[in-house]
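No experiment lies behind these values; they were computed from the predicted model shown.
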Amino acid sequence: QVQLVESGGGLVQPGGSLRLSCSASGRFFSIGAMGWYRQAPGKQRELVATITTDGTTNYADSVKGRFTISRDNGKNTVYLQMNSLITEDTAVYYCNARIRIRPTTTTTYDYWGQGTQVTVSS
């Protein structure tokens with residue numbers, strides 16, 4: 001009943017920029033923290049950035065100063081602005097959202113997007 005749809009991935013040269021978007025749709029009560037994770041071939045999935053409902057952010061050291069996470073609560077959307085991209089940023093990027101489904105319970109569940117490929121190459 002909940003879907004996260006990502007967009008904005010693609011091929012970019014080193015030093016370039018991309019902006020990823022992820023929107024939640026379906027029936028749910030509310031969205032809590034949202035974030036972005038990535039997984040490169042042969043590596044484990046790693047945290048890129050997270051943002052809470054009140055705007056508190058957290059970044060991996062490898063992207064700090066280059067990436068910016070933001071959200072639009074009215075659109076149920078989280079964004080990742082990626083600047084000064086380097087080849088090491090190449091990965092499949094997944095968005096994540098902690099979602100409360102029902103107003104009658106406080107239980108939350110983590111939902112994941114389908115992933116979007118980001119390739120940084122000259």
Side-chain angles (χ1 to χ4, degrees):
Q1 63 275 54
V2 179
Q3 299 83 40
L4 300 181
V5 180
E6 304 174 351
S7 63
L11 175 65
V12 66
Q13 292 184 326
S17 298
L18 284 174
R19 190 186 191 219
L20 306 183
S21 299
C22 176
S23 296
S25 62
R27 296 187 69 252
F28 51 85
F29 180 68
S30 63
I31 301 175
M34 306 182 79
W36 290 94
Y37 297 73
R38 67 186 182 186
Q39 187 167 25
K43 299 182 65 177
Q44 293 184 321
R45 186 174 299 187
E46 64 177 354
L47 181 148
V48 177
T50 60
I51 183 168
T52 65
T53 55
D54 65 356
T56 301
T57 58
N58 182 53
Y59 297 92
D61 288 341
S62 59
V63 307
K64 197 170 299 182
R66 300 188 297 118
F67 291 10
T68 302
I69 188 171
S70 61
R71 64 190 291 166
D72 185 333
N73 291 329
K75 296 181 179 180
N76 297 322
T77 299
V78 62
Y79 306 94
L80 185 68
Q81 178 67 47
M82 304 185 294
N83 298 326
S84 302
L85 285 161
I86 59 177
T87 56
E88 290 81 3
D89 295 320
T90 296
V92 177
Y93 284 70
Y94 299 89
C95 68
N96 168 268
R98 183 161 293 173
I99 296 179
R100 178 178 172 179
I101 303 298
R102 303 174 181 86
T104 55
T105 66
T106 59
T107 304
T108 61
Y109 302 90
D110 282 340
Y111 287 83
W112 295 88
Q114 79 282 2
T116 184
Q117 177 71 48
V118 172
T119 301
V120 184
S121 177
S122 59

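- Put simply, OG1 on T116 and CG on L18 are 9.0 Å apart, with the number rounded to the nearest 0.5 Å.
- Residues satisfying the side-chain contact (heavy atoms from CB on, under 4.5 Å) test with N58, not counting sequence neighbours, are L47, T50.
- Residue pairs meeting the ring pair (Phe, Tyr, Trp, His ring centres under 6.0 Å) criterion with at least one partner in residues 56-105, sequence neighbours excluded, are absent.
- In this structure, the side chain of R71 does not engage the main chain of G35 through any donor-acceptor pair within 3.5 Å.
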Exercise for the section: Please lay out, stage by stage, how S23 and T77 fare under the test side-chain hydrogen bond (donor to acceptor under 3.5 Å, both in side chains). Expected result: CA-CA 4 Å; S23 296; T77 299; 2.7 Å; yes
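- Within the structure, the side-chain hydrogen bond (donor to acceptor under 3.5 Å, both in side chains) test picks out the following pairs touching residues 99-112 (sequence neighbours left out): R98-D110.
- Cluster partners of I86 are absent, since no Ile, Leu, Val, Met, Phe, Trp or Tyr has side-chain heavy atoms less than 4.5 Å from it.
- Residue pairs satisfying the salt bridge (charged side-chain N to carboxylate O under 4.0 Å, His left out) criterion with at least one member in residues 3-27, sequence neighbours excluded, are absent.
- Under the side chain to side chain donor-acceptor pair (under 3.5 Å) criterion, D72 pairs with no residue, sequence neighbours left out.
- Residues passing the salt bridge (charged side-chain N to carboxylate O under 4.0 Å, His left out) test with K64, sequence neighbours excluded: D61.
- The salt bridge (charged side-chain N to carboxylate O under 4.0 Å, His left out) pairs that include a residue from residues 80-92 are R38-D89, R66-D89, where partners are two or more places apart or lie in different chains.
- Shown here are the side chain to side chain donor-acceptor pair (under 3.5 Å) partners of S17, two or more places apart in sequence or in another chain: N83.
- The disulfide (SG to SG under 2.5 Å) pairs that include a residue from residues 20-96 are C22-C95, where partners are two or more places apart or lie in different chains.
- When the side-chain contact (heavy atoms from CB on, under 4.5 Å) test is applied to T87, the partners found at least two apart in sequence or on another chain are P14.
- Applying the 4.5 Å side-chain rule to ILVMFWY residues, one finds that L11 remains a lone member of its cluster.
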